[in-house]
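Read the structure below first, then the notes.
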Amino acid sequence: MNSDHTSALFGRMDLESLDFLKVFLHPFDTNLLILSGAAWVVILGGIFVVAVMTYMKWWKPLFLDWLISVDHKKIGVMYIVLAFIMLLRGVIEGVVMRAQQADGLHGGFLSADHYAQLFSTHGTIMIFFMLMPFLTGLMNVAVPLQIGARDVSFPMLNSVSLGLTIGGAVLVMVSLVLGEFTTGGWTAYPPYTGSAFQPGVGPDYWIWSVTLSGIGATLTGMNFVVTIYKERAPGMTFFRMPMFTWTALCTAILMVFAMPPLTVASAMLLLDRYADFHFFTNDLGGNMMNYANLFWLFGHPEVYILVLPAFGVFSEVTATFSGKRLYGYGSLVVATMAIAVLSFTVWLHHFFTMGQDSNVNAAFGIATMLIGIPTGVKIYDWMATMYRGRVRFTVAMLWTINFMVLFVLGGLSGIILANPSIDFQTHNTLFLVAHFHNVLIPGVFFGMMAGYNYWFPKLFGFRLNDFWGYVSVWGWTIGFMLVFFPLYVVGLEGMTRRTVSYTDPAYLPWMLLSGLGAIIVTIGLIGIVMQLYVSIRDKEKTLDIGGDPWDARTLEWATPSPVPAYNFPVIPHIHAREAFAVAKEAGAGYQQPTKYTDIHLPGNTWMGVVMMVFGTGFAFAMIWYMWWLAILCLAIVVVSFVGRAIRGDRHPHIVKAADIEREHNAWLEKVRTITPVNREQELKQANLGVAAPEYMEAAQ
Amino acid sequence: MSTVSDAAYQAPGLVYETEHHHDHFSPQKSYMGFWIFMMSDLIIFGLFFATYGTMLGKPSIAGGPGPKEAFELSGAAWETVALLLSTFTFGLASLAMKYDMGKQKILTWMGVTLFLGLCFLGLELREFVTMFHEGHVPQRSGFLSAFFGLVPLHGLHVTSGSIWLIIMMIRIATGPIDELTKSRVARLALFWHFLDLIWVGIFSIVYLGGLA
Amino acid sequence: MRLGEERTPWRQPEARRLIRRAAVPLALGAATLLSGCVHGDNGFMDPQGFVAAEQHEHFWQVTWITLIVVLPVIVGVPWLAWHYRYSNKKATYRPHWDFNHALEWVMWLVPVAIIVVLSTLLWIDTHKLDPYRPIASEKAPLRVQVVGLDWKWLFIYPDYHVATVGQLVFPQDRPVSMTLTSDTVMQSFTVPALVGQIYVMPGMVTKLNMNAFKTGKWDGMNTQYNGDGFHEQHFVAQAVSPDDFKAWVTKVQGDGVAMNQMGYSKLSQSSTPEQVHKTFASTAMPDGVTWFNNVAPGFFNQIVNRYMNGKPVTREQQPGSVAYNARMGTAKTE
């Protein structure tokens, strides 16, 4: 709780805002121990990182090679790094909540306020700062390569989007150290988040972090729509694009149209809080129902923004690891577009219980069930891809197979919830919580992990470790089931969501089971960390030099691993869908270009860093009412942006044709010396990234 | 004065390519990107409109001033005249640029546009000040909050557009009118016409609708 | 071999992998069986009223119908993965097969058919269970007005001029017809064993209708988070015989605390039912329950209209707000 004390210099910050001091005032309070402990983790973690960076002399490369880069591959990697860091915090928060509820019969160890902040940050982080960056990272990594382009259409804006997203994440991390986060959930409904009920900094942290990253996402959407329309290699018609690119296109369109409602909702809440407007207040004509409509106009398409890229990954992975063409390409495209369009017609199902007319509820309920049709078709198409294929159980494929089995249960609970009559019971219970985790974890998260395992060698030149990969798959699969299936049960038994404790002993066994599941999920998380560590340590054992470790089918695999900055030495001409697979079958997988020309690449930019630092600074200043700082940061942001817009890109970079030819020839030489392997050898050290043709074995 | 290229006559608008591109810039891509960005802006305005629509009822007016008390048609009418004229004069500036009619002509029409835009802003500010004096402030009711969300949002956009226009005028006055400049003016034109369209909506729905 | 270190690349042996393949459907099967253990003390799986019973039926109807399209996936995917595994050289391999007309028809039309059936059911059921729809009964319903406060529900019986916190007693032979509002923030009222939920919002009125099949006690609560005491915003919904109900009303009318403006101001401070009981109750009232009498007619409407009369409700006047609690002194303990 922040006092009304404001100073010109520090705004409304005072000693009470310093979370890391709280435990010293009440040393034996478990709740405060965790709260202050978290603050200290952030502080000490930050100091540790600074120390390591300084000792290893990594500051210069961090800035010059990474933060100011406009290379889509690097930006993609940075997005995914952000996602993993936030995943750590998000999972820990989930585990703490599960522990609290396992201990929650008549109390537990957390205060109600702390628990409420936890479920609010958990949701906000997982959606805006874990899944969104993860999928944006995968899109950045894969889409330009899949369409035969050199980069996205607006590389500088790409960097700006990243900077804004990181900025939002920084704000959420800072809220652990200074002040508190909202207790209104990731949805932040007013009037509870209005200034009468939460005058402190909590809801403002939410508003600004979500607005910053939301603007970043809108720009990303715009960027990828233009990229997919305009940067495709010659011959790549829309119907020759890989499925991941199709889903990326629909996701990008959704971003353009679905992020603005969130900006509007949070802007109106902002005006209510800062300037005493009456958009959502109790009195003087405010209408809180508008917030629900605006938020979910964003919120529903948002979950399709999350899931469509995962579906794209599953299409690629299923076809590749079944050794077979993707079944039903046309249906998959139509289904993807249908999902994108329909996603804008169902938002009311998030508040069936708000008192509207039955006709309205029923119409939206039917619309909601309709989305199940194209989604179901997609799953059947993937099953048909496995049918009469030769399925290989790589880590990426296991993420995919486990997704298929578990996700449809989330679909089932979704259809149940789509019925208003039933939803009047299940809304806001743990049944609902189980449903959306059922679609987000096996649906989106498994897809992200599959994509991560799939494309990692392309980016870094070595494959990820398989043993720890299997640990992570099964830890997450079994852990997810143990955590969330019991929640379906207690939800049906009437247990509400967001409750720090409960008094019905009938819930206890399920809460304990769920707590056990949290431990197993943690094992899965450790698996992810170990996988990365061991892979880097043992990278000589899983090298990918030829660029095609999985005998894959789409264009991005026809490049060296890691991919050179300019992607393709010569932009290829495309003649078919699954172009690389077709080329390999014709014996033309590795082509020697006849002519090389100079390549012009966009120059590095400081705009992303500027947006990150001063955009975040502006938001921080607004949260704490430090008006001088807000004006200063805003001015810098505006001047920088206008200045950059006027000056344009001053430092484009030319790669000389002779250098390209030399590099490319060297790589082709290496490829020629590598023994191609068939899929029996796929996970062995002998697989250096050149695939032996196996299609010839099957007689058609 | 350069000769007007065939590309200029064949392309229907301001966006066409005359040079082969070595660097990353492409007028068509920039224009498409800007269009899409405008679409997201359209959603934002649309939702402010929708919110305004839901706040015309008695509960949202909360015993305060309704449209008839709060709005004054003549001021809004003059603002409309100013903005609509400015969109026309911007069109003239665009034509002057497309057909290479010379910097003088371009800058003149841009100047008139800027003047009309600033008139619009001045009139609007005056309207707001009058409203504040009469106690018609957003803090009074949901209805007034919705009005003061929508209309100043538009005003802020016009302000940004005016600043952009000033910058472009300086660029045109001091530098060559190359493809990059033409592409930037094309985007600014799109922005300016878009704002005019939004104003037509505001004038019709908010002012005419409210006072009818 | 050290953990993580591989002399030969680690690969899951066939058998172990097959068992793991089965793990997921096995776990699902177990979960489904366990779900039979859902004994709904509180929930609608063991429905105690007309609405909950209907909802229960709908739930299983929808579930069984949807399983038609879901079970093939749960069964089919592991089977496909196993039968067409790379090492099974005997399985057919058609790497270029990527389309089949008949299959397309089936894939699209079966889900469409299921959704058509479900949509029909949905339309009917949604209208049947409209919360605003009165429950069919020979007797006139009991009118109750519900006010959501932080962190308790206030139940006003306008026909008897009494009000309660912590319990909603009603006669078993009549339905209950509720009109609801909130005097703080958005909340959601529910008694899962009997009926679903409905949102309540300040300045607005929503409706809910319910009944009970027999006498008994069930848990009711708020499901829309509204602050520190949210987890304690529970009450007991109790159906009694008509005679017992008459007796109870008489008792409340006699032993209740008078409801006046000052009393309500204190009541609407942020407090739990326990704290309300400590503040107001006498020994005549059960634990955690508080009774009020002399409730003026129009009391409920007054609460609603306060937000709709065109006058501001300042922070200090807004129950549930930080300023209100500060002004009223701290009744909530921490």
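By convention in this document, chain letters (A, B, ...) are assigned in the order of the sequence lines, proteins followed by strands, and residues within each chain are numbered from 1.
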Next item on the list: Examine whether an atom of A:Tyr291 lies under 4.5 Å from a heavy atom of chain C, and if so say whether it belongs to the side chain, the backbone or both; otherwise answer neither.
Entry: neither
Item checked: C:Asn100 versus chain A, the contacting section by heavy-atom distance below 4.5 Å -> both
Next item on the list: Applying side-chain contact (heavy atoms from CB on, under 4.5 Å), name anything that partners C:Ser182, two or more places apart in sequence or on another chain.
Entry: C:Thr184, C:Gln187, C:Val200, C:Pro202
Next item on the list: Select one option (side chain, backbone, both, neither) describing which atoms of C:Met204 are under 4.5 Å from chain A's heavy atoms.
Entry: side chain
Checklist line | Residue C:Met221 versus chain A: region with a heavy atom under 4.5 Å | finding: side chain
Item checked: Set of side-chain contact (heavy atoms from CB on, under 4.5 Å) partners for C:Leu118, sequence neighbours left out -> A:Met369, A:Ile415, C:Val62, C:Ile65, C:Thr66, C:Ile114, C:Ile115
Check: Which one of C:Val195, C:Asn88, C:Leu67 has the most heavy-atom pairs closer than 4.5 Å to chain A?
Finding: C:Val195
Notebook entry, point to check: What option among C:Val70, C:Val73, C:Asn222, C:Asp130 has the most heavy-atom pairs under 4.5 Å with chain A?
Noted result: C:Val73
Check: Which answer fits A:Asp357, side chain, backbone, both or neither, if we ask what part of it has an atom under 4.5 Å from a heavy atom of chain C?
Finding: neither
Check: What part of A:Ala418 lies closer than 4.5 angstrom to a heavy atom of chain C: side chain, backbone, both or neither?
Finding: backbone
Note to self: Quick check on the interface: out of C:Gln197, C:Arg315, C:His231, C:Met107, who has the most heavy-atom pairs with chain A under 4.5 Å?
What the structure shows: C:Gln197
Check: Hey, which of C:Tyr132, C:Trp108, C:Phe59, C:Phe99 has the most heavy atom pairs under 4.5 Å with chain A?
Finding: C:Trp108
Note to self: If I measure from the heavy atoms of chain A, does C:Gln224 come under 4.5 Å with its side chain, its backbone, both, or neither?
What the structure shows: both
Check: Tell me, side chain or backbone of A:Asn687 under 4.5 Å from chain C's heavy atoms, or both, or neither?
Finding: neither
Next item on the list: Could you look at C:Gln318 and say if it's the side chain, the backbone, both or neither that has a heavy atom under 4.5 Å from chain A?
Entry: side chain
Notebook entry, point to check: Taking the six-membered ring where the residue is Trp, are the ring centres of A:Phe197 and A:Tyr192 under 6.0 Å apart?
Noted result: no
Check: Is chain C contacted by the side chain of A:Phe321, its backbone, both, or neither, given a heavy-atom distance below 4.5 Å?
Finding: neither
Check: C:Trp151 and C:Phe230: aromatic ring centres closer than 6.0 Å?
Finding: no
